[in-house]
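Scroll down for the structure; my scribbles are underneath it.
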Amino acid sequence: MTQRLDTLRQMREQALAGGGPKRIDAQHAKGKMTARERLSFLLDEASFQELGALATHHNTDFGMADQRFPGDGVITGFGKINGRRVAVFAQDFTVLGGSFSEVQAQKISRIQDLALESGIPLIGLNDSGGARVQEGVRSLAAYGEVFYRNVAASGVIPQISLILGPCAGGAVYSPALTDFTVMVETTSNMFLTGPEIIKAVTGEEVSSEDLGGAFVHNARSGVAQFNAANEQAAIEKCKLLLSYLPQNNTEDPPQVVPHDSPDRMDEALNSIIPEDDTAAYDMRDVLDAIFDAGSVMQVHEQWAGNAICAFARLDGHAAGIIANQPTVMSGCLDIDSSDKVSRHIRICDMFNIPIVTFVDCPGYLPGVQQEYAGVIRHGAKVIYSYCQATVPKLCVVTRKAIGGSYVALSSKQMGNDVAFAWPTAQIAVMGAEGAARLLNRREIAAAEDPKTVEQKFIDEYREKFFNPYRAADVGQIDEVIEPCETRPRLIRALEVLRTKVQTNIPKKHGLFPV
Ligand code: HXC
């Protein structure tokens, strides 16, 4: 027995050693932690239960018989984060560049299956050179195992991907199928085809950072939702994000002990909308004043800034926020913000998080580029997502709800449960100038002083429609409220709606307008 125990201990030690001290030093020299260091930073102390630590590949091609490491470049298992159970995998770049093998697929799939069956979140720490070249088609096929399970788990358990090094080739698609991707500035990259291949095919020279670094995917492509200055910060973001999410789609998100009075009214809100209705104000100030102090966590903060998507809390309960941002493109909806908003609506809906929408939107962005790139198709995603969402949906029209933005973001007909408007709301089919020109074209043209006549029609239209009272009169707005009352009003409305039950017509699936 002693000998057998010695053998086991030796094998375990080998597994703990990863690719050996030299490669670990190289990993540290790049400013990266090892897979095990990352796991101990992520998980509660002594909570990690490893599975598959001794699995190795059996490939003998390309001298691989001499390159067998227990664990085969990925560490998989279970642990706890702030006392809540999670499943994790962490690729170990020190072992064969973390390259993705058949054994890696078996280990990760096993964890995916157990996470799904147990109804607990899955967190992937990615750091890999992609498909293990020496395994040929077997490593390609292996990706299919993981993708298949990513899709099966989508909408059932939260799936979060941290990109902590290279994530190349097929490796990018597992994160792309998960709910959230967190990247680290300077040390993480995601790309389908690397700089060498791009140079060979197109002649274009580009660095890995410029091709698929954290800035690119957070600010340009929208592939990643979160950016962090270093690995520790990325892991902290992942933990914070989990605090807004339930363990699975049958549960509600955890409630935290409220630390902010539900009756708090911020008087500053009553003067936040500028007198000049073409002037911007920062919607983030509105959100900070309404939600529990310090609870607003933006998603996709650096991408499509004309819309704000966030998680926050109201009296300790998680809420999802969709808001227009008047400081960027006047808060209008375009292709990227439509994608951003619809993704967030779907995330909130699948995890039982009520949605609060703040509307100040002059409409969809007009323009040839937008039309050519399919703003109709992308804009339809917002409508589809709101219509399909069965969680409580509240809206607050702070200022403009013009044309498509009124219908898409706040209309009762699309299932909005409670609609509030501030006295500054403007709910109309189109802007006053456009409306006056369209309706009164002939009178303006025939007038002696067309400018003055046009202004008269503009003023008339504004007087009639640029307020919330017409909409309140026909029941489209439930209540016109003082801005400072918004927090207690939302809290009370959500209290009532917490037990809302709504089901859609059963079907295989609809056609989301992709
Ligand atoms: C096998 C790999 C590997 C891989 C890296 N290594 N990637 N081994 N298969 N895919 C090995 C290296 O040979 C090296 O071993 C060790 O890992 C560390 O790699 P380095 O290159 O020394 O590290 P670094 O300089 O940091 O560069 C990291 C890297 C680079 C940028 C990721 O290794 C790289 O470009 N790798 C290939 C990336 C790629 O094109 N993958 C796509 C595969 S195709 P030694 O022993 O020499 O130190 C794919 C398609 C799947 O994934 C499609 C499915 C849908």
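In each ligand, atom 1 is the first atom listed, and ligand 1 is the first ligand listed.
Within the structure, ring pair (Phe, Tyr, Trp, His ring centres under 6.0 Å) contacts touching residues 89-120 (residues at least two apart or in different chains) are Phe100-Tyr143.
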Donor-acceptor pairs under 3.5 angstrom involving side-chain atoms of residues 59-67: please list them, not counting sequence neighbours.
{"unit_1": "Asn59", "atom_1": "OD1", "unit_2": "Asp61", "atom_2": "N", "d": "3.1"}
{"unit_1": "Asn59", "atom_1": "ND2", "unit_2": "Gln134", "atom_2": "O", "d": "3.3"}

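Other residues, nucleotides and ligands contribute at most 12 non-hydrogen atoms within 6.0 Å of the CZ atom of Arg220. Counted within 6.0 Å of CZ on Phe69, heavy atoms from surrounding residues, nucleotides or ligands total more than 12; the atom is thus considered enclosed. Crowding of Ile376 atom CD1: a count of heavy atoms from other residues, nucleotides or ligands under 6.0 Å not exceeding 12.
Annotation: ring pair (Phe, Tyr, Trp, His ring centres under 6.0 Å) contacts of Tyr364 (sequence neighbours excluded): none.
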Kindly print each ligand 1 N/O atom paired with any protein N/O atom under 3.5 angstrom away, one pair per line, or none if nothing qualifies.
{"unit_1": "ligand 1", "atom_1": "9 (N)", "unit_2": "Val133", "atom_2": "N", "d": "3.1"}
{"unit_1": "ligand 1", "atom_1": "10 (N)", "unit_2": "Gly129", "atom_2": "O", "d": "3.0"}
{"unit_1": "ligand 1", "atom_1": "10 (N)", "unit_2": "Ala131", "atom_2": "O", "d": "2.9"}
{"unit_1": "ligand 1", "atom_1": "17 (O)", "unit_2": "Gly97", "atom_2": "N", "d": "3.1"}
{"unit_1": "ligand 1", "atom_1": "26 (O)", "unit_2": "Lys30", "atom_2": "NZ", "d": "3.1"}
{"unit_1": "ligand 1", "atom_1": "41 (N)", "unit_2": "Gly129", "atom_2": "O", "d": "2.8"}
{"unit_1": "ligand 1", "atom_1": "46 (O)", "unit_2": "Arg23", "atom_2": "NH2", "d": "3.2"}
{"unit_1": "ligand 1", "atom_1": "48 (O)", "unit_2": "Arg23", "atom_2": "NH1", "d": "2.9"}
{"unit_1": "ligand 1", "atom_1": "48 (O)", "unit_2": "Arg23", "atom_2": "NH2", "d": "3.2"}
{"unit_1": "ligand 1", "atom_1": "52 (O)", "unit_2": "Ala131", "atom_2": "N", "d": "3.1"}
{"unit_1": "ligand 1", "atom_1": "52 (O)", "unit_2": "Gly170", "atom_2": "N", "d": "3.0"}

